[in-house]
Amino acid sequence: MTDDAEDKLPSLPGFDTLQDFFKHGYKTVMEGIRASNNLPTGSKFDMYTSYPDFHHLMKCQGGKVLDLINLLLRHQGISGNIHHRDLEDKFELVVEGNDAILERVGENLDEWNGVRRNNEPAIEGTQAGPVRVSGSWNKNLKTSAVWKERQSNDATQTVRLVTSKVTERPQLKFKDKIDNSSSPWEPKIKEKPNAIKPLAILYEETEFGGCYSHPYEFELEAFNPDDSFISRVTPKKPLPLEKTPFVFVDNEDKLNIMAKYLNSQKEIAIDLEHHNYRSFQGFTCLMQISTRTQDYVIDAIELRDKLHILNESFTNPKIVKVLHGASSDIIWLQRDLGLYIVNMFDTHQAAMLLNFSQLNLAFLLKHYCQVDANKHFQMYDWRIRPLSEEAVKYAREDTHFLLYIYDMMRNALIEAANGQTNLLKSVYSRSTELCKRRYVKSVLTEDGHMDMYRRSKKLFNNKQMYALEQIYRWRDKTARELDESVGYVLPNHMLLHICESLPREMQGILACCNPVPPLVRQNLLELHQIVLKAREQPLIKPIISEETAETHQNRQELALKMESKVNCVHDLVCMKDFRPDLPTLIGKHTEPTSIQDSHQEAVSCVKTPQLSVFCGSDMDTSEDGEEDEEENLASIAAKSIKFASPYQRYKSTKPYLFALEEERKKKEEEKKLAESKRIKTEEESSARMELVEEQISEKLNSIRDQVMNTTSRKRDHSPDEHLSALSSLNDQVGKKKRKAEPLNIRSDERVTSNHNVGLFIKEEKNEISKEAQVSGNPNAAAGQSRKKKEKSQQGNSRPSTISVDYSSINYNEFHSNPAQKSAFLKQIDAKFQSQKKKKGGKFKKSGKGSGKKGGAFKI
């Protein structure tokens, strides 16, 4: 049978080979994912759902998708119709189908790789059965050297990787006992070659818990690569793999010879093969070391307690150690072999700085060496002894070409830095930081199960959460005691399935596991007791984390959106710049009439937005800013409307925002300037007013003194001279007042001062009139007789006058002090009463409140 005939697929018309079918399927899936990512979400979905066409189309397409899912579920033997379920049940049914498919894929991979037993007899290292190893990494099987070698012998046979059916556990022979407890891990190193600082292993408390110090931390911090490590080199191509000397180191004598040889080298390449499925912490099975002329493969299981002698070369800063992706290798070397590295070059870090599209070793081998890496042994069980020739060849390829790749990447880093060495130094710096890593044991925490719960995106109630916590603790305890990985004891998806179902019977627990792990079958009774105890817990409420609650809420919102048929008035239909012929995810709109009706109805209740996402429109508007009602939708569609993204709108409004900011700053400066001027003017006015008030106070005091002097000298002057003197004084006070008015003197002060002066003049006039009556002045007597005649005509008699001593009164405080004013009036009233009793005359009250209680007597 030829190759072409073997790959023909008559059951799939249109495809010649299986590879063509895979390519077409992959392309179709990617297009579907890209289209689904372009569908609207959130508020946009609400907007599009308001369109009847979009809602109808989504409903039809959703029905087709559900039909396809139904066919897939039936093909996998899962009963139930997904159409007649709510959203939660649909999701659970899909998850169940995915679990069944992935479980079947896992079983097939285990069977083809030899991990799972089958009915065919298989012997390691032999060919058995005309089937290949499944997986995308096997797509270039026929181009590999192994395939060509097998084709030369027998074209009908293929390579089948197998493992031993019963493998003795290597950790049982380890001299150092495996410690899976939660106590901190202590370094195994007893001697410290190439030390700058003596060996000191101290216990430290860090944010991640307690751990021991790194033995070579000081040396790593002091490391600085020599010039020979950061300069250009001439790449040295390695010898072909078949012509390169090879040594399999499996005893102490070969190890000592190899160690002496490595001490004389300047560059060595290192790689490790690790196993962690049948061990809780895992252990190193194989170590590969290559020099420019020699390849070594070391049995790390047999020489586990003797490989510490390699620290002499591994910690030598004059020997560069080349590794790829050494973050895990550094940890494994410390934990299992007690080895540390100083002066490392990690090609993975170099590929990152060179911005390579891929960072794996297979890409580097293809890029620099034109070598197709053999992927058949990636899942190989490296505990098997003796190793097959194919396995040893695969192990050698990991380090055989690594030194040549190191030379090429050194030159590439220098070229990328324009002849400088900063990128090359950065690789050494990053690699040194990786060498400082310390191994830390896995510790069971109280909320360790919550990490798995959050990643699962499930929604558990308190019963299920109780089962999850207890089974998680049981699995961790069992794995530590038996030194098995937690994945071997009980895989995560099976654990979650048990906790979600909480089966009543023990057979239900087995039904949740396919295939049933051996330790689950052995401890079935204990697991059943945990499940029964979880079922007895009182149901309280679901335990919802932030991520799970958000996912659950999104599902509910999606269900509401899919069923929503309400036309929202905030749709684009309500905008005046809406165009029904714009392209959408479902094509152009097909119902312009209904859109026009809804548009006219919405325009009456929705105002035109001031800022639209459609910029550059040529639509004509009337003077009052309203659209012409006669313009139909066809003419609107003919207008050129350009869509502006949020960034374009922000960019167009940027000058306006700057202008607003400048105007705001200008107003603030003007406001500050006006405020400073106002404060300065107020201070000046206050100072001037204080000065004027002081001058007025002095003047009033001088006037009062003059009035008092005038009163004391009134008998020495005639009445006319006395009145003229008082008038001149009154004029002087008035001038002073008029000068003070522009200085904002309070009106009550001016009135009080003028009133005081007027009171002085009034008092003096009364005194002069009294003297005129006594002295017999004809002019005064005539005036008094005329007034008496007028009063007599009205039927009233003129009241008598009395003299009052005003010299003891402070006239500035007279009107502002009610108590003094009241006492003064009482004094006058008492004098009037005494005069009335003596003369028997009548006195008349005048002024405000005349004839009432509290009125003032006329003086």
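This one's a predicted model, so the numbers in the text were calculated from it and none came from an experiment. Residue numbers start at 1 and run along the sequence shown.
- Annotation: E446, atom CD; neighbour count of heavy atoms from other residues, nucleotides and ligands within 6.0 Å does not exceed 12.
- For Y26, the OH atom is loosely surrounded, since the number of other residues' heavy atoms within 6.0 Å does not exceed 12.
- Every side-chain contact (heavy atoms from CB on, under 4.5 Å) that H24 has, sequence neighbours left out, goes to F15, T28.
- By the 4.5 Å heavy-atom criterion applied to side chains, Y212 and L202 are not counted as neighbours.
- A distance below 6.0 Å separates the ring centres of H214 and Y340.
- A distance of 8.5 Å separates OG of S501 from CD1 of I498, quoted to the nearest 0.5 Å.
- Summarising the geometry of K188 relative to D336, their closest heavy-atom pair is NZ-O, 3.1 Å, with the distance given to 0.1 Å.
- Atom CD of E31 has more than 12 neighbouring heavy atoms from other residues, nucleotides or ligands inside a 6.0 Å radius.
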| said: Would I301 and K173 count as a side-chain contact (heavy atoms from CB on, under 4.5 Å) here? Give the steps. | reply: CA-CA 9 Å; I301 295 177; K173 297 181 179 181; over 6 Å; no
Before giving the answer on side-chain contact (heavy atoms from CB on, under 4.5 Å), spell out for W185 and V440 the whole-Å C-alpha distance, their side-chain angles and the decisive distance to 0.1 Å. CA-CA 6 Å; W185 176 82; V440 179; over 6 Å; no
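- Looking only at side-chain heavy atoms (C-beta outward), L387 and L286 come within less than 4.5 Å of each other.
- Sorted by first then second residue, the side-chain hydrogen bond (donor to acceptor under 3.5 Å, both in side chains) pairs that include residues 485-494, not counting sequence neighbours, are E103-H493, R475-N492.
- For the 3.5 Å distance criterion, the side chains of T17 and D20 qualify, holding a donor opposite an acceptor.
- Side-chain atoms of Y277 and E484 include no donor-acceptor pair closer than 3.5 Å.
- Here the CG atom belonging to L66 is positioned 5.0 Å from the NZ atom belonging to K90, to the nearest 0.5 angstrom.
- Ion pair R480/D476 flagged as a salt bridge, since at least one NZ, NE, NH1 or NH2 atom sits closer than 4.0 Å to an Asp/Glu carboxylate oxygen.
- Not a single donor-acceptor pair under 3.5 Å links the side chain of Q470 to the backbone N or O of L527.
- Distance CG/L444 to OH/Y472: 6.5 Å, rounded to 0.5 Å.
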Self-check item: Worked check of salt bridge (Lys or Arg N to Asp or Glu O under 4.0 Å) between E204 and R438
Solution: CA-CA 12 Å; E204 300 175 352; R438 290 177 283 187; 3.1 Å; yes
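- Atom CG of residue D299 and atom OG1 of residue T284 lie 11.5 Å apart, to the nearest 0.5 angstrom.
- When side chains are defined from C-beta on, H449 counts as touching M465, because their heavy atoms get closer than 4.5 Å.
- Counting heavy atoms from C-beta on, the side chains of D305 and D176 never come closer than 4.5 Å.
- To the nearest 0.5 angstrom, H348 atom NE2 is 9.5 Å from L434 atom CG.
- Using a distance-only test at 3.5 Å, with no hydrogens or angles considered, no donor-acceptor pair links the side chain of N180 to the main chain of F280.
- Counting only heavy atoms from C-beta outward, the side chains of C285 and F283 approach each other to under 4.5 Å.
- Distance alone, capped at 3.5 Å, is enough to place a donor-acceptor pair between the H324 side chain and the L359 backbone.
- Looking at D271 and D329, their side chains come closer than 4.5 Å, going by heavy atoms from C-beta outward.
- Under a cut-off of 6.0 angstrom, the local environment of CD in E505 is sparse, with at most 12 non-hydrogen atoms contributed by other residues, nucleotides or ligands.
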Discussion item. Evaluate H75 against L72 for side-chain contact (heavy atoms from CB on, under 4.5 Å), listing each step before the verdict.
Written reply: CA-CA 5 Å; H75 182 266; L72 292 174; 5.5 Å; no
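- The aromatic ring centroids of H275 and W382 lie 6.0 Å or more from each other.
- The shortest heavy-atom contact between A479 and V486 is CB-CG1, 4.0 Å.
- With sequence neighbours excluded, the residues satisfying salt bridge (Lys or Arg N to Asp or Glu O under 4.0 Å) with E433 are K436.
- Between F54 and Y51, the ring centre distance reaches or exceeds 6.0 Å.
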Full working for side-chain contact (heavy atoms from CB on, under 4.5 Å) between M494 and V520: CA-CA 10 Å; M494 296 183 184; V520 171; over 6 Å; no
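- Between H528 and L532, the closest side-chain pair of non-hydrogen atoms falls below 4.5 Å.
- A distance of 9.5 Å separates CD1 in I540 from CG in N461, rounded to the nearest 0.5 Å.
- The minimum heavy-atom distance linking A534 with L502 is given by the pair CB-CD2, 4.2 Å.
- Looking at heavy atoms from C-beta onward, D179 lies in side-chain contact with S181 at the 4.5 angstrom threshold.
- Using a 3.5 Å distance cut-off with no hydrogens or angles, the side chains of D483 and Q171 do pair a donor with an acceptor.
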